[in-house]
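Here is the structure we will look at.
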Amino acid sequence: MDANEFRTAAKAAIDEIADYHENVVNKNPVATVQPGYLRPLLPASAPLDPEPFEAIRADIQDKIMPGITHWSSPGFMAFFPCSSSYPAAIAEMYSNAFNGAHFNWICSPAVTELETIVLDWLAQALGLPECYTSGGSTHGGGVLHGTASEAILTVMVAARDKYVAAKTSHLPEGSEEKEEETWRLRGKLVALGSAGTHSSTQKAAQVLGVRFATVTVYEEDGFALTGAHLHETLRELTAQGLEPFYLTTTLGTTDVCAVDDFASIAATLAAHNSKNSHGAEVFVHVDAAYAGSALMLPEHQHLTKSFTHFHSFNVNPHKWMLTTFDCSAVFVRSRADLITALSIKPAYLRNEFSDSELVTDYRDWQIPLGRRFRSLKLWFVLRSHGISGLRAHFQQGIARAELLEAKLRTRPDLMTVFTAARFGLVTLRIVGANEDDINKKTAQVYEAVNADGHFYLTSTVVGKDKKFAIRACTSTRAMTDEHIQLLFAIFVREAEKVCH
Ligand code: PLP
């Protein structure tokens with residue numbers, strides 16, 4: 001394909017993409033194909049000879065589209081959303097055009113410098129404490145990773161090295177004693193999360209080869225992690241000779257959008273850390289992958305007050321902030337935590353700018369070497385929508401969940417609101433004679449609503465008594481109040497079938 005052929009093909013593709021976005025509002029969210037549907041439709045091996053682009057493009061409609069689940073469909077209420085917008089899509093085109101691995105500043109100075117600036121803008125817009133900005137008093141700053149899972153694994157590596165370094169700081173550098181103590185401690189490390197913490201924290205612990213423990217959360221606390229329960233777990237672990245070194249707290253848990261009690265967690269950890277030897281501290285990460293976007297709304301910014309006591313924070317603009325996947329913004333209070341753990345300088349990566357230490361080399365803030373030009377799409381999104389446009393988008397998602405909650409509460413004979421609308425997520429259960437009956441009926445309604453096809457919902461099982469609940473996330477951009485009315489009508493229809 002030469003440049004002229006590219007112009008023609010790409011313009012046709014853009015028309016097709018715009019048509020897709022215009023029509024996605026009419027599509028049911030979930031693909032209805034069966035497993036293995038694609039193999040019989042494609043040849044057994046790659047073509048030996050080049051194919052015309054038109055033939056390739058035609059296969060998008062005929063073969064790929066049937067197997068696409070439409071995350072932008074207004075009926076998509078599962079998981080958390082994966083949002084996009086035209087400005088983000090255009091930025092991706094430029095990013096592809098400038099295609100590069102961008103690991104050092106000199107690999108494309110604009111890629112590094114725009115990322116630093118845009119993440120400072122984002123930190124400011126979210127009301128994060130100044131310590132998370134590049135010019136802040138603790139030399140922190142932001143970096144873009146692909147996903148929250150990557151962010152959590154990365155900060156856990158930094159946490160491990162920081163903790164072990166502090167615990168062995170009294171031993172002579174390079175001594176056998178220090179080496180032995182380092183490896184003994186590594187075998188004792190425990191990463192912590194709550195029972196509502198996303199599985200990516202457990203996975204990170206699994207990858208790092210450290211233990212993982214959960215702190216129980218309770219319905220009466222709104223399933224939030226509290227300092228009191230954290231204290232209990234810390235006490236039990238330390239009594240066993242283990243070393244809790246890391247904690248994920250969450251702003252908006254995946255199951256019910258709980259917000260952990262940051263102030264009491266900070267107080268518990270201050271007391272715990274003060275008893276620890278050689279200044280070793282539990283490293284605290286705030287996972288705000290989904291709900292963190294809502295911090296753009298001034299009424300939620302009080303939640304960030306305790307973050308000065310914590311070490312890192314992440315939000316995924318690819319979830320709610322209209323920025324095409326993948327884009328996870330990670331902020332640290334001290335960039336040295338990442339650089340100390342992750343910087344390796346083989347001769348082939350050295351250059352005068354890196355050696356001068358006047359530039360940021362983001363390869364030292366992440367696990368992979370190469371990196372995409374992700375800041376471009378976030379920059380386009382922030383400028384095209386403006387903070388006011390994004391705030392309106394978040395407010396709409398929040399208001400629709402409140403509307404759904406209000407409607408659910410009109411039928412207490414059929415259903416109960418399990419957790420109230422919070423950041424665009426409401427969870428519900430169907431009424432029944434006892435817990436088993438409630439779980440059974442709720443599961444039946446859940447299956448029936450998904451089988452209807454208009455909506456795609458996910459469910460969760462929460463708490464020590466394993467309550468089954470239906471999740472409805474209302475922050476997909478194309479959703480309107482009419483979709484909420486329709487969903488409610490389907491809930492009523494299906495609940496009546498199992499209740500009467
Ligand atoms: N943290 C929370 C609270 C989430 O809800 C999710 C996914 O929904 C993740 C982390 C993982 O996100 P990612 O797919 O970016 O790794």
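Note that the structure is a prediction, hence the values are computed from the model and not measured. Start at 1 and go down the list; that is how both ligands and their atoms are numbered.
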Next on the checklist: Show every salt bridge (Lys or Arg N to Asp or Glu O under 4.0 Å) that has at least one partner inside residues 66-90, sequence neighbours left out.
Outcome noted: none
Checklist outcome for this item: At a 4.0 angstrom heavy-atom cut-off, ligand 1 is contacted by F80, T147, A148, S149, H198, S200, G252, T254, D287, A289, N316, H318, K319
Item to check | Pair F331-Y132, ring-ring contact (aromatic ring centres under 6.0 Å, His included): steps then yes or no | outcome: CA-CA 6 Å; F331 295 91; Y132 291 97; 7.1 Å; no
Next on the checklist: Between R160 and E243, does any side-chain N to carboxylate O distance fall below 4.0 Å?
Outcome noted: no
Item to check | CZ on R409 to CG on L428, rounded to 0.5 Å | outcome: 11.0 Å
Checklist entry - Got a sec, which residues hit ring pair (Phe, Tyr, Trp, His ring centres under 6.0 Å) with F103, two or more places apart in sequence or on another chain? => result none
Pairs under 3.5 angstrom only: tabulate donor-acceptor contacts from the side chains of residues 453-465 to other protein residues two or more places apart or in another chain.
residue	atom	partner	partner atom	Å
H454	ND1	D452	OD2	2.7
T458	OG1	F79	N	2.9
T458	OG1	R471	NH1	3.0

